[in-house]
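Protein chains get the first letters and strands the later ones, always in sequence-line order, with residue 1 at the start of each. Computed over heavy atoms, backbone and side chain alike; hydrogens, waters and symmetry mates excluded.
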Protein chains: 2
Amino acid sequence: MKNRIKVERAEKDLSQADLAGRIGVSRQTINSIETGRYVPSTILALKLAQVFEKTVNEIFQLEETD
Amino acid sequence: MKNRIKVERAEKDLSQADLAGRIGVSRQTINSIETGRYVPSTILALKLAQVFEKTVNEIFQLEETD
DNA sequence: ACCAAATGTAAAACTTACTTTACATATTGT
DNA sequence: ACAATATGTAAAGTAAGTTTTACATTTGGT
C-alpha cells in the first residue's frame with residue numbers, strides 16, 4: 001500500500017511530531033507508516049484523512065502486492 | 001468507529017462468506033468487523049471499499065470515542 | 001416441521017500495530 | 001561552524017487484528 005502522507009504533511013507544513021500530536025499517536029508510528037514499515041488501522045487512516053481534509057482513498061492506495 | 005458493511009452487503013446481496021472470499025479473509029473477520037469487535041487494517045478497508053464501489057469514508061465513520 | 005444456509009460467538013495460536021526509549025543522521029537557521 | 005529541529009531506525013514490550021476450529025442460534029425455502 002502506498003501513501004501520500006509525506007506530501008500532505010509538506011502541504012500543511014507539519015512535522016511528523018506535529019502530525020503525531022494532532023492525532024494522538026507516537027512520532028515513530030507516523031514515521032513507520034510513512035516509510036511503509038506498517039499498515040495503520042482504519043481509525044488512524046480516518047484521523048489522518050481528517051487532518052488533511054481529504055478522503056482515506058486520496059491518501060492511501062492499494063498496490064498489486066496487497 | 002461505525003461501518004455500513006451490513007447494508008452494503010445487502011445491496012450487493014453478498015453473504016459474509018461471499019464477501020470474505022472476495023477479499024481474501026476469513027468469514028469471522030468480516031463478522032467481527034461488522035459487529036464492531038475490531039477495527040480492520042487500512043488495506044482491508046480499501047479492499048472492502050473496492051468491492052462496494054465506494055470510498056473508505058463512505059463505509060467507515062469515526063465516532064466521538066475514537 | 002424440516003433442512004440448508006447464514007450469522008453470532010468463543011478460544012487458542014499467530015502475526016502485526018503501536019509505544020517507549022534511545023541513538024544516529026540529516027536538515028535548517030543564524 | 002554551531003545549535004536546534006526533523007527524520008530514520010532499532011529493540012523490547014504491550015495491545016490488537018486475523019486465522020482456524022468449533023458450536024449454537026437464526027433465517028429462509030419448501
Given protein heavy atoms under 4.0 Å, the one-letter contact record of nucleotides 9-18 of chain C, with B base, S sugar-phosphate only and - none, is simply BB------SB
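The existence of a salt bridge linking Arg4(A) and Glu58(A) is excluded, since no basic side-chain nitrogen approaches an acidic carboxylate oxygen closer than 4.0 Å.
In terms of modelled atom types and a separation under 3.5 Å, the side chain of Asp13(B) and the main chain of Ala10(B) share no donor-acceptor contact.
Put simply, CD1 on Ile43(A) is 17 Å from P on dA15(D), counting in whole angstrom units. One interatomic measurement links the two molecules: CD1 of Ile5(A) to C1' of dA6(D), which rounds to 16 Å at whole-angstrom precision. Taking atom CG on Asp18(A) and atom P on dT5(D), their separation rounds to 12 Å, with Å as the unit. Following rounding to the nearest Å, Asp13(A) (CG) and dT7(D) (P) show an atom-to-atom distance of 10 Å. For the pair Arg9(A) CZ and dT5(D) C1', the interatomic distance rounds to 13 Å; values are reported in whole Å. dA6(C) atom P lies 18 Å from atom NZ of Lys12(B), rounded to whole Å.
Closest to the Gln16(B) side chain, of the nucleotides dG8(D), dT7(D), dT7(C), is dT7(C).
With a 4.5 Å cut-off on side-chain heavy atoms, Thr35(B) and Asn31(B) count as touching. Between Val25(A) and Leu19(A), every side-chain heavy-atom pair lies at or beyond the 4.5 Å cut-off.
For the side chain to side chain contact (heavy atoms under 4.5 Å, CB included) test with Leu46(B), the passing option among Asn57(A), Val39(A), Asp66(A) is Asn57(A); the others fail.
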Begin with the C-alpha distance, continue with both residues' side-chain angles, and end with the deciding distance and a verdict on side-chain contact (heavy atoms from CB on, under 4.5 Å) for Val56(B) and Thr42(B).
CA-CA 9 Å; Val56(B) 169; Thr42(B) 300; over 6 Å; no
